[in-house]
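Data first, discussion second: the structure below is written as structure tokens.
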Amino acid sequence: MRILPSPARLIRVGALVVVAVCAFAVAHAVGVASASPIDIWVHDHSSDVIKPRPDGLAEIQATFGPVCGDNSNGARSYWPSQDANGPGYVYYDPYIGKNVGGNIRGHVQFDHKDDAVRYLVGGYNCRYISGTTEWSLHAWGAAVDTNSATNPVGQDHWNGIGSDGKKYGTYLPDVWAGPYPGHKFFWGLNWPNKPDPMHFQYATGY
């Protein structure tokens, strides 16, 4: 004779199934939340991202267009300590957009070095070179100043103290210029007459 399960037994089995499903859902959600974004970040050194670096004014104009033009602030990425009030967007030309917003910003974030960024971080700015009537490369969106609060014009070294007060050495210059990973930006510290350690530009000969 076949014995049918009692209603109480069916209720207990159903409750166990519900508990098991809920436990799986919670575990899955925790796993997704704790997964590092680095799993979906692609470090791209292709020629589509790291493009030829212009040399001299004629090549700069041919590459980035007119000074203070529409493309100058056509790309952006979100940076910690963008200014004294906290994080914000940094604008620059799309020609360097994937390199800055992808490679460089990606390295800082996914190497867990956001605290290495000290304000101000600034890109596009329709202005002259300070103290002159010559256009700055910032006016083409082809340069980004980084950690300018501790790296003023004329200082002959990189001050690597981050926003958390710790010393990060040459980490940020290495991301922009080299030797590793290096993304082809010229470092203003290398100007012999008036070094500019905050300044990284995607052009030479200017």
Side-chain angles (χ1 to χ4, degrees), residues 29-46 48-51 53 72-125 136-138 140-190 195-203:
V30 170
V32 170
S34 63
S36 171
I38 199 169
D39 295 337
I40 59 173
W41 174 54
V42 177
H43 184 206
D44 194 341
H45 275 173
S46 71
D48 290 333
V49 172
I50 302 183
K51 301 180 179 182
R53 189 172 64 180
S72 298
N73 63 341
R76 68 179 185 174
S77 57
Y78 197 68
W79 282 75
S81 300
Q82 187 269 332
D83 63 25
N85 296 318
Y89 285 105
V90 176
Y91 295 83
Y92 36 79
D93 191 277
Y95 188 80
I96 60 174
K98 291 181 180 179
N99 202 6
V100 176
N103 285 333
I104 297 170
R105 179 69 191 100
H107 271 294
V108 175
Q109 180 178 2
F110 296 118
D111 291 350
H112 305 291
K113 296 286 175 55
D114 274 357
D115 286 336
V117 180
R118 195 181 188 104
Y119 72 90
L120 165 86
V121 185
Y124 169 68
N125 190 345
S136 165
L137 273 172
H138 288 281
W140 280 281
V144 178
D145 289 340
T146 309
N147 288 24
S148 62
T150 52
N151 293 279
V153 177
Q155 182 171 283
D156 64 358
H157 64 281
W158 169 262
N159 182 343
I161 296 177
S163 61
D164 59 354
K166 295 181 181 179
K167 293 182 179 179
Y168 286 87
T170 60
Y171 175 80
L172 290 177
D174 286 352
V175 172
W176 288 97
Y180 176 82
H183 294 105
K184 287 192 177 181
F185 278 77
F186 174 83
W187 188 12
L189 185 69
N190 294 318
D196 192 358
M198 75 175 90
H199 182 85
F200 300 90
Q201 64 180 48
Y202 208 75

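Note that the structure is predicted; figures quoted are calculated from it, not measured. Positions are given from 1 along the sequence.
- A side-chain donor-acceptor contact under 3.5 Å links H138 to the backbone of A143.
- The structure places OH of Y78 at 11.5 Å from CD of Q109, a figure rounded to the nearest 0.5 Å.
- L172 and A116 get closest at one heavy-atom pair: CD1-O, 3.3 Å.
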Which atom pairs, one a donor and one an acceptor, fall under 3.5 Å between side chains of residues 84-91 and the rest of the protein, sequence neighbours left out?
from : atom 1 : to  : atom 2 : distance (Å)
Y91  : OH     : R76 : NH1    : 3.4

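- Identified under the salt bridge (charged side-chain N to carboxylate O under 4.0 Å, His left out) test for residues 112-123, with sequence neighbours left out: R105-D114.
- Note that CZ of F186 and CZ of F200 are 10.5 Å apart. Values are rounded to the nearest 0.5 Å.
- In terms of heavy atoms, L120 sits closest to Q82 at CD1-O, 2.9 Å.
- Smallest separation of non-hydrogen atoms from G141 and Y124: N-CD1, 3.9 Å.
- For the residue pair Y171/D111, the side-chain donor-acceptor check at 3.5 Å is satisfied.
- In this structure, the side chain to side chain donor-acceptor pair (under 3.5 Å) partners of T170, at least two apart in sequence or on a different chain, are D174.
- Shown here for S148 and M198, the closest heavy-atom pair between the two residues is CB-SD, 3.3 Å.
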Full working for side-chain contact (heavy atoms from CB on, under 4.5 Å) between V100 and W176: CA-CA 8 Å; V100 176; W176 288 97; 4.0 Å; yes
side-chain contact (heavy atoms from CB on, under 4.5 Å) between H107 and H43: does it pass, once the steps are laid out? CA-CA 8 Å; H107 271 294; H43 184 206; 3.1 Å; yes
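- A pairwise comparison of heavy atoms in N159 and N151 identifies N-OD1, 2.7 Å as the closest pair.
- Using a distance-only test at 3.5 Å, with no hydrogens or angles considered, no donor-acceptor pair links the side chain of Y95 to the main chain of K51.
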Under the side-chain contact (heavy atoms from CB on, under 4.5 Å) criterion, do Y168 and V117 qualify, and how do the steps go? CA-CA 9 Å; Y168 286 87; V117 180; over 6 Å; no
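- Here the OG-CD distance, from S136 to Q201, works out to 8.0 Å after rounding to the nearest 0.5 Å.
- Here the CG-CG distance, from L137 to D93, works out to 11.0 Å after rounding to the nearest 0.5 Å.
- Considering only residues two or more places apart in sequence or on other chains, Y119 meets the side chain to side chain donor-acceptor pair (under 3.5 Å) condition with none of them.
- Qualifying side chain to side chain donor-acceptor pair (under 3.5 Å) partners for S77, counting only residues two or more places apart in sequence or in other chains: W79, Y92.
- Taking NE2 of H183 as the reference point, atom CG of N103 lies at 4.0 Å (rounded to 0.5 Å).
- The shortest non-hydrogen separation linking A75 to P94 is CB-CA, 3.9 Å.
- Every residue was checked against the side chain to side chain donor-acceptor pair (under 3.5 Å) condition with R53, not counting sequence neighbours, and none meets it.
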